[in-house]
Amino acid sequence: MLAAALEGGDVACLLLRLEDASDDEVRAAAAVLRPVAQGRGVAFLIDGRPGIAAETGADGVHVEGASAYEAARRAVGADAIVGVGCGGSRDAAMTAAERGADYVAFGSFAAAAAGPDLELLGWWSELMIVPCVAAGDAAALARAGVDFVAVGDAVWAHPDGPAAGVRALNTAIAAAMGGS
């Protein structure tokens, strides 16, 4: 199922988010999923566990808050991706970017969370160089200027399967950007 989803269209990254799992469960999941993603040219990140990201050969880690950046960078090394979740805070995002974050994330990746502030996303995309990511309506996020759209159920719960979900999201983003 993962392979089909990743082959369904443009996918930049796969984030392994297993908040309630043990470290051993995260390691086991990474051992199965990382080669599938990396074998298709898709970056593989682990959420919130920099040490496990480094240990398992992940391409990087996603952490919450600018204060978590330095420890994450030390754990994964200079060449790995370190993304920082900043909620709705401009200050946290600017701090993370100044420290060297490879991307900042606005809003929440939780399925039940409200979408990010589109005005904030527009401000960031106009003024900052560091890419931003957010979860929510893909077309609205693309129009606001996000660099990457975080998805979940739009892919995994798509009625025609994950590959169709990826294709539908790519189509929606392209249409929002004036493409076909």
Original post:
Under a 4.5 Å side-chain heavy-atom rule over Ile, Leu, Val, Met, Phe, Trp and Tyr, are Val42 and Val82 clustered together?
Top reply: no

**OP:** State, to 0.1 Å, how close Ala150 and Val133 come at their nearest heavy-atom pair, and which atoms those are.
**Re:** N-CG2, 3.9 Å

**OP:** Report the distance from atom CZ of Arg17 to atom CZ of Arg49, rounding to the nearest 0.5 Å.
**Re:** 11.5 Å

**OP:** Show the numbers, then the answer: is there a side chain to side chain contact (heavy atoms under 4.5 Å, CB included) between Leu2 and Trp156?
**Re:** CA-CA 9 Å; Leu2 175 59; Trp156 304 115; 3.7 Å; yes

Original post:
Can you tell me how far CG of Asp147 sits from OH of Tyr103, rounded to the nearest 0.5 angstrom?
Top reply: 12.0 Å

**OP:** Mind listing the closest non-hydrogen atom pair of Ser125 and Gly145 along with its distance?
**Re:** CB-O, 3.2 Å

**OP:** Is it possible for you to say whether Leu33 and Val151 belong to one hydrophobic cluster, with membership spreading through side-chain heavy-atom contacts below 4.5 Å?
**Re:** yes

**OP:** Start with the C-alpha distance between Phe106 and Asp117, add both sets of side-chain angles, then the distance that settles side chain to side chain contact (heavy atoms under 4.5 Å, CB included), and finish with yes or no.
**Re:** CA-CA 8 Å; Phe106 291 106; Asp117 178 347; over 6 Å; no

Subject >> Partners meeting side-chain hydrogen bond (donor to acceptor under 3.5 Å, both in side chains) with Gln38 (sequence neighbours left out) >> reply: Arg34, Asp59

Subject >> Residue from Ile173, Leu141, Leu118 passing side chain to side chain contact (heavy atoms under 4.5 Å, CB included) with Val146 >> reply: Leu141

**OP:** Provide the closest heavy-atom pair for Val11 versus Ala5 in the form atom of the first, atom of the second, distance.
**Re:** CG2-O, 4.2 Å

Subject >> More than 12 heavy atoms of other groups within 6.0 Å of Met1 CE >> reply: no

Subject >> Considering all heavy atoms, the nearest Pro35-Ala30 contact >> reply: CD-O, 3.8 Å

Subject >> Nearest non-hydrogen partners of Ile81 and Ala43, listed with the distance >> reply: CD1-CB, 4.0 Å

Original post:
What closest approach, in Å, do Gly9 and Val166 show between heavy atoms, and which atom pair accounts for it?
Top reply: N-CG1, 3.5 Å

**OP:** Measure the CG-CG distance between Leu18 and Asp23 for me, rounded to the nearest 0.5 Å.
**Re:** 11.0 Å

**OP:** May I ask you to decide if Val84's main-chain N or O and Tyr69's side chain share a donor-acceptor pair within less than 3.5 Å?
**Re:** no

**OP:** Please check if the side chain of Arg73 supplies one atom and the backbone of Ala101 the other of a donor-acceptor pair under 3.5 Å.
**Re:** no

**OP:** Could you grab the distance from atom CG of Leu14 to atom CZ of Arg40, nearest 0.5 Å is fine?
**Re:** 11.5 Å

Subject >> Inter-residue atom distance Thr56.OG1 - Ile46.CD1, 0.5 Å rounding >> reply: 3.5 Å

Original post:
Is there a donor-acceptor contact under 3.5 Å from the side chain of Trp124 to the main chain of Val130?
Top reply: yes

Original post:
Taking atom CG of Leu121 and atom CD of Glu119, what is their separation to the nearest 0.5 Å?
Top reply: 10.0 Å

**OP:** Carefully, step by step, assess Phe109 and Leu15 under the rule side chain to side chain contact (heavy atoms under 4.5 Å, CB included).
**Re:** CA-CA 10 Å; Phe109 293 163; Leu15 175 64; 3.8 Å; yes

